[in-house]
Amino acid sequence: GPIRILSLAFSKSCISTTRALRRAAVQAFRLGPNAEAAYRFGNTLIKGERCIRPLATSAMSTVYLAESEREGRLVVVKLMHQVPDKSEKSASFDRFLQEYEIIAGIRHPNVVQIYDLGVSDDHAYIAMEYFPAGDLRTRMKRGLQPHEAIDVLRQMAEALRAIHSVGVLHRDLKPGNVMLRPDGTIALIDFGLAKQLELDAEITATGEIFGTPYYMSPEQALGQRLDARSDLYTVGVVLFELFTGERPFPGTDAATVMQRHVAAQPPRPSSLRPDLPEYLDRIVLACLAKRPERRPASAADLYAALTRVAA
């Protein structure tokens, strides 16, 4: 009725006014004496993102906490270290850009939100969702009950179902790439190693190994062609660790760990934690099958199995 129409009009007016005030505040800040320093991430200037502090660094990139002027919220800015070679194709730079293209095309509550991609001072960056609750690795230090672990794995399976449905593998699943929100939901991050299954021009040559050895599938450790069941093997490794607090294939060096993924049989989770029921053993060991055809056929099948367990 008329009251609802007036209410909607008032709401739109308030939103418009808020946006106008935000634009004015941003413009005033940019004219101030401290603007350039606020926009500087190391030696790189990124307009529209105000650097708060660095969070982590690796050989490929540095991750910062920032305030997004456009979004009006805290975000994470991932800044690429390498300047792309203008004369020849840079594989790592292409992987970084591919990370954005893959995630930006997926709209799912269990996949990280991407807000912006840009190149500044010849450095590519991604602005994405910030997770103040931290990652699954940190949460695991406090211990999880079986029902909590199953809930996390169901959400991971849901995310993989969305990712695999558009022809994408993650290839670097691990607790540090599973982020937590305050409401209890999780989101997968760090698709820097993800690969489109139907990509015509392969960025990563066959036989080249990427990923974290503790969470690699046997076929990934051997540098073989992968499909969605490789990610499901990694889910099995994470599930084993969530239930028992141990990894199924420990080792002091990458070569030993990868060899065990290829040839050694995993212990039953219940052998390390006797209170676990047998049906959880069956799910974990099915995911950890050496041959892909003996694992769940898809993330949807794994989700269904975990849902039956949760019920």
Next item on the list: Please name all residues satisfying side-chain contact (heavy atoms from CB on, under 4.5 Å) with Ala264, sequence neighbours left out, ordered by chain then number.
Entry: Phe249, Arg260

Check: Taking only residues two or more places apart in sequence or in another chain, which ones pass side chain to side chain donor-acceptor pair (under 3.5 Å) with Glu293?
Finding: Arg291

Next item on the list: Just grab all the salt bridge (charged side-chain N to carboxylate O under 4.0 Å, His left out) pairs involving residues 214-223, residues at least two apart or on different chains.
Entry: Glu219-Arg295

Next item on the list: List for me each residue that meets side-chain contact (heavy atoms from CB on, under 4.5 Å) alongside Leu65, sequence neighbours excluded, and say none if there are none.
Entry: Ile52, Arg53, Leu55, Leu74, Tyr130

Margin query: Using a 3.5 Å distance criterion without hydrogens, assess whether the side chain of Asp231 forms a donor-acceptor pair with backbone atoms of Arg171.
Written below: yes

Item checked: Residues which pass side chain to side chain donor-acceptor pair (under 3.5 Å) with Glu148, listed by chain and number, not counting sequence neighbours -> Arg139

Item checked: salt bridge (Lys or Arg N to Asp or Glu O under 4.0 Å) against Arg142, all qualifying residues, sequence neighbours excluded -> none

Notebook entry, point to check: For Tyr303, which residues count as a side-chain contact (heavy atoms from CB on, under 4.5 Å) partner, sequence neighbours excluded?
Noted result: Arg154, Ala157, Glu158, Arg161, Thr307

Notebook entry, point to check: So, Asp190 and Lys78, do they make that salt bridge, N to O below 4.0 Å?
Noted result: yes

Next item on the list: Please examine the side chains of Asp172 and His170, heavy atoms only from C-beta on, and report whether any two atoms are closer than 4.5 Å.
Entry: yes

Note to self: Using the side-chain contact (heavy atoms from CB on, under 4.5 Å) criterion, which residues pair with Glu129? Sequence neighbours excluded.
What the structure shows: Val112, Gln113, Tyr115, Phe131, Arg181

Check: In chain order, what residues pass the side chain to side chain donor-acceptor pair (under 3.5 Å) check against Tyr64, with sequence neighbours excluded?
Finding: none

Notebook entry, point to check: Is there a donor-acceptor pair under 3.5 Å between the side chain of Asn110 and the backbone N or O of Ile186?
Noted result: yes

Item checked: salt bridge (Lys or Arg N to Asp or Glu O under 4.0 Å) partners of Arg308, counting only residues at least two apart -> none

Item checked: For Ser271, all residues meeting side chain to side chain donor-acceptor pair (under 3.5 Å), sequence neighbours excluded -> none

Margin query: Under the rule for ring-ring contact (aromatic ring centres under 6.0 Å, His included), what residues qualify as partners of Tyr233, not counting sequence neighbours?
Written below: His261

Check: Around atom CZ of Arg294, are there more than 12 heavy atoms of other residues, nucleotides or ligands at under 6.0 Å?
Finding: no

Check: Are the side chain of Asp121 and the backbone N or O of His123 linked by a donor-acceptor pair below 3.5 Å?
Finding: no

